Protein chains: 2
Amino acid sequence: MGAPPGYRPSAWVHLLHQLPRADFQLRPVPSGFAPREQEYQQALLLVVALAGLGLGLSLVFIAVYLIRFCCCRPPEPPGAKSTPPGGGCVTWSCVAALLVGCAGIGIGFYGNSETSDGVSQLSSALLHANHTLSTIDHLVVETVERLGEAVRTELTTLEEVLAQRTELVAATRGARRQAEAVAQQLQGLAFWQGVPLSPLQVAEDVSFVEEYRWLAYVLLLLLELLVCLFTLVGLAKQSKWLVVVMTAMSLLVLVLSWGSMGLEAATAVGLSDFCSNPDTYVLNLTQEETGLSSDILNYYFLCNQAITNPFQQRLTLSQRALANIHSQLQGLEREAVPQFPSAQKPLLSLEETLNVTEGNFHQLVALLHCRGLHKDYGVALRGLCEDALEGLLFLLLFSLLSAGALATTLCSLPRAWALFPPSDDYEDTDDDDPFNPQESKRFVQWQSSI
Amino acid sequence: MGAPPGYRPSAWVHLLHQLPRADFQLRPVPSGFAPREQEYQQALLLVVALAGLGLGLSLVFIAVYLIRFCCCRPPEPPGAKSTPPGGGCVTWSCVAALLVGCAGIGIGFYGNSETSDGVSQLSSALLHANHTLSTIDHLVVETVERLGEAVRTELTTLEEVLAQRTELVAATRGARRQAEAVAQQLQGLAFWQGVPLSPLQVAEDVSFVEEYRWLAYVLLLLLELLVCLFTLVGLAKQSKWLVVVMTAMSLLVLVLSWGSMGLEAATAVGLSDFCSNPDTYVLNLTQEETGLSSDILNYYFLCNQAITNPFQQRLTLSQRALANIHSQLQGLEREAVPQFPSAQKPLLSLEETLNVTEGNFHQLVALLHCRGLHKDYGVALRGLCEDALEGLLFLLLFSLLSAGALATTLCSLPRAWALFPPSDDYEDTDDDDPFNPQESKRFVQWQSSI
């Protein structure tokens, strides 16, 4: 019984929601979702700033490492071997880092598709809710028009036909009053008419933003994949210019990775705050945007046994009025038709209208019940707070892995580069001479690395 | 207006549905979904057999290639270089094949998770439908009991209190008749009562099978990942025993890949036949399993404007009877209470019961409307025919990639193995001697491969 199983915050939401938040003066900020408060905005910006700090630290670390490597080389031993020790280790650590980066790219593609799935669930739920709301409006308008038409034509004809018997005219007038009462009650049911907020517009906006977010991530992932592949090719071919270009590209992608990590972390933190208690925020926001009464919004957003249907009274009154019209029409058919055969046609037409109105009324009862719209709300929340958040966490893992892998690559590439033969045109030397000392030295490096 | 946008067969469904099917005698089989017909079963088994044929062909190819390589070596030139040409090429093609295999594993993980998503959508839609159906039953039972209780107690008390005035007793009896009529009409609405098919049971069965399918794929993917990684380690370390073990494991995984490919292809073909026109099959199957009338099943499975609500008549009659009870109670309150003050208590209690019954009635109207259950049907179909089918196609791609990669690896590994130094203990030789002819020869192999 009761509402179907709804949305429950996941363990990730609880975990992220419990992380401490602070503003720019490092004073703690409550972790309720309040995107319009300056304090809360500062807390999210601080999360982005942390990623900036991480980028700065990793750049400083890489710079210090490379300066130490360039300027503080140990004095070379006077023997025949002039290669710095651990050269193969450097190349292989670079290769391992690139493989970790590739694994991260796979995780990133998965996370991107998960996030996209979640957001498309949200927008399809919004579209479905829009469909329900517009169907309610449409049904009400159609039914009210049909009733008005019946009052204007058939009931007027009937009154004219039955003009000789006042008690029958009174019954007809009673039916007219009831029909007008039903039309008035039904008009009150089109609660979304004239509301400035359109779920369709929101769904389109969300899809638009999501499309560009998805594309941006795909481009970033492809860029990183190309950098990884060409770096591997550069290492395998020992091509100096390729390695130099890829070092510069790795630096660019490192900056992009840290930047995306900041955005993902801030979004994940904000989303976890929203998802830990979405009802209050969504209720307040919707009330602000639509101006609807809190009765109606509570009914649809909470939809539990404790909250009565705010349209119950109107529905019951319409239902009773429809039943009264029916009994009055039946009475008229019994009394009037034998005496006034010309009354039969408008009476049959009225009964037809009544049947259609009752059908529409049942459809309205079904559409106005909170089940349908509340289910859309649940789907939207699950899309946002389960799939999209999970996708974001995978994207965060991708950013972390790729930042780590790229930092390692940036430390290793110049060292690997230094191990390459002095010129790019070594292909011209005699490859077939196994006693070529240059080749043999490089082979020892490879050997020690395997 | 109308039903919300429902399920549409995707391009993949159309494509797979148009593939020709044949039975064991290679006679064409119509591509309608008919899993109980022997012809159709044979067509699906033939798809599985095609994968078996693929496995056989690739094993024959690998055997022929290796026998040719072992027995028909070109006579070695008499110079210092005794290495067969293209040794490095063999190693690198092996590495490239393993990388393709790893990419395939990534695709497989994605496909496995998509399929799992689709099936979990199906089972959650079934759970939701079960919830709706059991809520309808529960509401009907509760309302009928409440009405019966009111007839037994309050209406009987009222009749006793008003016994002196026969016209009031007649009105009370009229209300009793109406209440009994409502109870009878409502009982006809619990259409799922006593139906032997439980969506809950189906959902549990589906989840159970899916859990094991998911686990089996994860194990297969992990096994192949391990084989890829250890083969790479074996190649890098030039460890003969590791390469031999991994050759055997590759053969095992090759067989498993072709086997899973056959199952996936047959499932995808069957699913595409089901998904190209699911309504007819599901309607027939449900009618067979539940014995419900085709009116009701058509209403819920098709849910369009052309099909009228099969409960419309019952709902309208109940609604009119409820309105009649209301007007009779109001009449009694007006007429009887001034004369018989003791009638007020049972009358108030009856009005309370009437209000609750009207509330339950509106909930029943909402639950019985086809929107909710048809939406569950649409979600189940989209889960099965979009997400699960897409996941299956990704799994198929994984199987294809891994079969190709493993066949290449199986061709290359013994050749790479032949290029390794004769004993595993080469680490004991003097690594530091760049003029060691053995090392130099191996370096030339590496060199030509880079």
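Each chain gets a letter, A, B and so on, in the order its sequence line appears, and its residues count up from 1. A quick note: this is a predicted structure, and the numbers were derived from the prediction, not measured. For the numbers below, each heavy atom of this structure counts, side chains included, while hydrogens, waters and symmetry mates do not.
When each of A/Asn324, A/Leu368, A/Thr308, A/Thr132 is checked for heavy-atom pairs under 4.5 Å with chain B, A/Thr132 comes out on top. Between chain A and the options B/Cys102, B/Ala366, B/Gly359, the largest number of non-hydrogen pairs under 4.5 Å is found for B/Ala366. Listed options B/Ala103, B/Gly106, B/Ser113 were ranked by heavy-atom pairs under 4.5 angstrom with chain A; first place goes to B/Ser113.
Salt-bridge formation is not detected for the pair A/Arg371/A/Asp376: no Lys NZ or Arg NE/NH1/NH2 atom is positioned less than 4.0 Å from an Asp or Glu carboxylate oxygen. Salt bridge annotation for B/Arg320-A/Glu358: present, with a cationic side-chain nitrogen under 4.0 angstrom from a carboxylate oxygen.
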Using the side chain to side chain contact (heavy atoms under 4.5 Å, CB included) rule, take A/Glu145 and A/Val141 through it: C-alpha gap first, then chi angles, then the decisive distance, then the call. CA-CA 6 Å; A/Glu145 268 179 13; A/Val141 168; 3.9 Å; yes
Decide side chain to side chain contact (heavy atoms under 4.5 Å, CB included) for A/Thr357 and A/Glu352; before the verdict, give the C-alpha distance in whole Å, the side-chain angles of both, and the deciding distance to 0.1 Å. CA-CA 9 Å; A/Thr357 307; A/Glu352 172 65 28; over 6 Å; no
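Although no hydrogens or angles enter the test, the distance criterion places a donor-acceptor pair under 3.5 Å between the side chain of B/Thr135 and the main chain of B/His131.
For A/His326, the part lying under 4.5 angstrom from a heavy atom of chain B is the side chain only. Contacts of A/Phe109 with chain B are absent, with no heavy-atom separation under 4.5 Å from either backbone or side chain. Heavy atoms of B/Leu354 lying under 4.5 Å from chain A belong exclusively to its side chain. Heavy atoms closer than 4.5 Å to chain A are found in the side chain of B/Phe361, but not in its backbone. For a residue to count as touching a neighbouring chain, one of its non-hydrogen atoms must lie under 4.5 Å from one of that chain's; by this rule A/Leu367 touches chain B with the side chain only.
Residues A/His362 and B/Asn309 are not in side-chain contact: their nearest non-hydrogen atoms beyond the backbone lie 4.5 Å or more apart.
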